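Contents: one structure, followed by commentary.
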Amino acid sequence: MIQRIQTIYLLLATIVSGGLIWVVEHFNDGEGNEFVGMDESLYFGIFTVSALMSVVAMFLFKNRQLQTVVNRLNLLLNLFILGVYVYRVLMMSGETAVSEKGIGMFIPILSIVLLVLANKAIRKDEQLVKSADRLR
């Protein structure tokens, strides 16, 4: 399981989605209030579900089609998170005061990239198995 590259990608996606929300600041509003992902239960819940989906996909290594489906659902969830972030930043009041977008805004983007790379590696494994079946 661990020798496959998609497992490494999924492990990194789990760390990004589950671990970085505790550490990285997502944005500051104009009044100096710092927002971290664990501050609101909606963001915390969505990031936790994303991390759990990555862990589940790691253990579905024997069923590559289901692993791909779980990864695609996780991609959709991360796109939803990204959309919520963009909406929240665009609707943030006090743009005349200096508001800062933190590095935490890139967590869903990094997770999406890792999940796409994992899906690509899963697809490559599936093609390898199909080509080996043709030779038999």
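Predicted model only: the values in this text are computed from it and were never measured.
Here the closest heavy-atom approach between residue M58 and residue T14 is recorded as CE-OG1, 3.8 Å. A51 and S17 get closest at one heavy-atom pair: N-CB, 4.0 Å. The minimum heavy-atom distance between A118 and N71, with the atom names listed, is CB-ND2, 4.0 Å. Contact detail for I81 and F47: the closest heavy-atom pair is CG2-CZ, 3.7 Å. The minimum heavy-atom distance linking D125 with R4 is given by the pair OD2-NE, 3.1 Å.
No single ILVMFWY cluster, assembled from side-chain heavy atoms under 4.5 Å apart, contains both I122 and L114. Hydrophobic clustering of Ile, Leu, Val, Met, Phe, Trp and Tyr side chains at less than 4.5 Å, counting indirect connections, unites F44 with F80. By the rule that hydrophobic residues join a cluster once side-chain heavy atoms approach within less than 4.5 Å of another member, I5 and L110 end up as members of one cluster. At a threshold of 4.5 Å between side-chain heavy atoms, the hydrophobic network of Ile, Leu, Val, Met, Phe, Trp and Tyr places L12 and L52 in two separate groups.
Between Q6 atom CD and N119 atom CG the span is 9.5 Å, to the nearest 0.5 Å. Atom-to-atom distance recorded for L77:CG and S54:OG is 9.5 Å, nearest 0.5 angstrom.
Residue pairs meeting the salt bridge (Lys or Arg N to Asp or Glu O under 4.0 Å) criterion with at least one partner in residues 43-67, sequence neighbours excluded, are R64-E126.
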Q) Should L10 and Q67 be marked as a side chain to side chain contact (heavy atoms under 4.5 Å, CB included) after you check the CA-CA gap, both sets of side-chain angles, and the distance that decides it? A) CA-CA 11 Å; L10 290 170; Q67 190 178 29; 3.8 Å; yes
Q: Step by step, work out the side chain to side chain contact (heavy atoms under 4.5 Å, CB included) result for M53 and V49.
A: CA-CA 6 Å; M53 286 178 77; V49 168; 4.0 Å; yes
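N78 places no side-chain N or O within donor-acceptor distance of the main-chain N or O of I112, the cut-off being under 3.5 Å.
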